[in-house]
Amino acid sequence: MLRLRSVEEDAEVRAGLDRIRVELGVPGPFPEAVREEAVASAARPPGGERADLREVPLFTLDPPGSMDLDQAMHLERRPGGYRVRYAIADVAAFVRPGGAVDAEAHARGVTLYLPDTKAPLHPPELSEGEASLLPGRDRPAVVWTIDVDDRGAMTGVDVRRALVRSRERLDYASADAADPRIALLGEVGRMLQEAEAARGGVDLPLAEQEIEHGPDGWHLVLRGGVPSEGWNAQISLLTGRAAARLMLDGGVGLLRTMPPPRPEALERVRRTAVALGIGWPEGRSYGDVVRSLEPARPAHAAFLYESVALLRGAGYVAFDGAVPEQAAHSAVAAPYAHVTAPLRRLGDRYAAEVCLALAAGRPVPGWVREALPGLPDTMRRALQRSGSVERACVDLVEALLLRDHVGESFDAVVVDSDPERGGGLVQLVDPAVVARVEGERPPLGAPVRVRLLEADPVRRLVRFALTG
């Protein structure tokens, strides 16, 4: 595996990341007025009526080292099904509408993650302090209680403000399947995954490029999701579907939507499956085909990469009155809303307030209704910047890793082929680089040898040519 080990190389990575911050407008430190307001908010006890749910033995499950803990859960078996309690950080308890923290959150939109640091949505006094569901601390939360039957169908939904106390912080890397809590999460998660498949939902098992930094330097890895991560995601999706149902019934809200794939795009992916030798029997859904694949196999990896084209067009839709014509999220195969990550996504705070009001039979607060029309565009811009920052960071490390290897050849797999310009994209076996390859149109899914033509860290550009 190629790594960047020297002090000089480490300095180059950090200098490159600083350039990315400037070029893409990554927010820097919070203004003093924002920090002062956050400190004052953190020092005040949250107001309003709250149920006392501190006796519920909640736990959190996140990436290792996380401090901005949005969610804590507790699961239990019940006759004929399960009860899911999902406590979400009550960010609105600390953020004054129209205040300095609120205005800065609107400017940022989401938390941006870079390899050396992050640009959080809220000041750390809140995001990693009083608003975070850290273990052993009394915390205000928005608690969803969702009952499901033994096939994963919702049979009851309640959401209210509460005071909670998480018992333990677990992470994906060390979560023990022998732990009764993780075992039950797996039981519920697998059931919800089966229900998702029955609805026609799709979850692409794509490996993601990630940058790691440790004692032996910087390097790139392809990271696939561990099972517990997928199960945890299902609890979040369940809550998002419950929230969407409340909003649609109440005629006001903020949905996360995705249109169904166009017939011509679906037909293209079907032709790709035939070309790669992947079976797609008549009557079998696209989601069923995806769930049968193994991302480590070259042909399957190429098919999954091509399949991303079917999952484009996701966005936010705000409504107050008429229900939007396109209200569903095609990958979830149901109406869906973002409500489970308010420490890291601006829109979740507003969507949660809508749901709390509707569930209690109260009017939606005016500050929420006033903000709803502008939130889709705010979130679109924020997520575009997030994607650009993530890609730029990976491009930088790829170019630095390969800079001294121009002219050398590598084993790779063709994951995309461009019928118009020729060439395409290849994924190297080692290091975990995805880059453009030039020349004649390469055979999709084929193992190939490629020669490195260029690796420019300043332009963050890597190019290969086919050699065989």
Side-chain angles (χ1 to χ4, degrees), residues 1-31 34 63-68 104-124 127-128 206-223 308 314 341 343-346 377-406 416 425-428 431-436 452-464:
M1 177 180 291
L2 298 182
R3 298 176 186 266
L4 300 172
R5 292 185 174 87
S6 72
V7 174
E8 292 79 10
E9 289 172 325
D10 185 80
E12 283 191 273
V13 173
R14 297 188 187 280
L17 294 174
D18 286 341
R19 286 196 303 271
I20 290 169
R21 278 184 269 270
V22 172
E23 291 174 21
L24 298 179
V26 175
F30 286 93
V34 176
S66 296
M67 291 292 291
D68 48 350
E104 185 69 15
H106 275 263
R108 295 181 178 228
V110 297
T111 293
L112 299 177
Y113 294 90
L114 288 87
D116 59 342
T117 186
K118 64 184 176 185
L121 177 63
H122 301 99
S127 61
E128 298 184 356
L206 284 171
E208 295 183 357
Q209 287 175 290
E210 288 190 3
I211 302 167
E212 287 188 348
H213 182 250
D216 56 351
W218 298 85
H219 62 104
L220 278 169
V221 296
L222 284 175
R223 182 82 66 205
V308 171
L343 289 174
R344 292 170 281 173
R345 282 190 309 241
L346 173 68
D377 194 50
T378 297
M379 294 305 298
R380 177 188 58 78
R381 291 195 306 268
L383 291 173
Q384 282 180 343
R385 178 166 61 179
S386 176
S388 296
V389 168
E390 182 179 334
R391 185 63 246 173
C393 291
V394 171
D395 289 345
L396 169 68
V397 175
E398 285 182 341
L400 283 167
L401 282 171
L402 293 169
R403 176 182 53 189
D404 297 330
H405 300 273
V406 172
D416 191 25
L425 291 177
V426 291
Q427 178 179 302
L428 269 58
V433 167
V434 177
R436 178 152 183 85
L452 181 60
L453 298 177
E454 182 180 11
D456 184 343
V458 174
R459 293 156 58 211
R460 300 189 292 272
L461 176 65
V462 172
R463 293 187 303 120
F464 290 90

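Note that the structure is a prediction, hence the values are computed from the model and not measured.
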Please answer whether the main-chain N or O of [Y] pairs with a side-chain N or O of [X] as donor and acceptor at a distance below 3.5 Å.
X	Y	result
Thr111	Leu121	yes
Ser127	Leu343	no
Ser388	Gln384	yes

All side-chain contact (heavy atoms from CB on, under 4.5 Å) counterparts of [X], not counting sequence neighbours:
X	answer
Arg381	Asp377, Thr378
Ser66	Asp62, Pro63, Asp68, Leu69
Leu425	Tyr305, Val415, Asp416, Arg436

Calculate, to the nearest 0.5 Å, the distance between atoms [atom1] and [atom2] belonging to [X] and [Y] respectively.
X	Y	atom1	atom2	result
Leu112	Ile20	CG	CD1	12.0 Å
His122	Leu346	NE2	CG	7.0 Å
Arg14	Leu114	CZ	CG	11.5 Å

Taking every non-hydrogen atom, the tightest pair across [X] and [Y]:
X	Y	result
Val406	Ala455	CG2-N, 4.1 Å
Val26	Ala119	CG1-CB, 3.8 Å
Leu402	Phe464	CD1-CZ, 3.9 Å
Ala392	Leu24	CB-CD1, 4.1 Å
Ala382	Val110	O-CG2, 3.8 Å

Would you check if [X] and [Y] make a side-chain contact, meaning some heavy-atom pair closer than 4.5 Å?
X	Y	result
Asp116	Arg21	yes
Leu396	Glu12	no
Lys118	Arg344	no
Pro120	Arg108	yes
Pro124	Phe30	yes

With Glu398, the salt bridge (charged side-chain N to carboxylate O under 4.0 Å, His left out) member among Arg391, Arg463, Arg459, Arg403: Arg391
CD (Glu454) with more than 12 external heavy atoms under 6.0 Å: yes
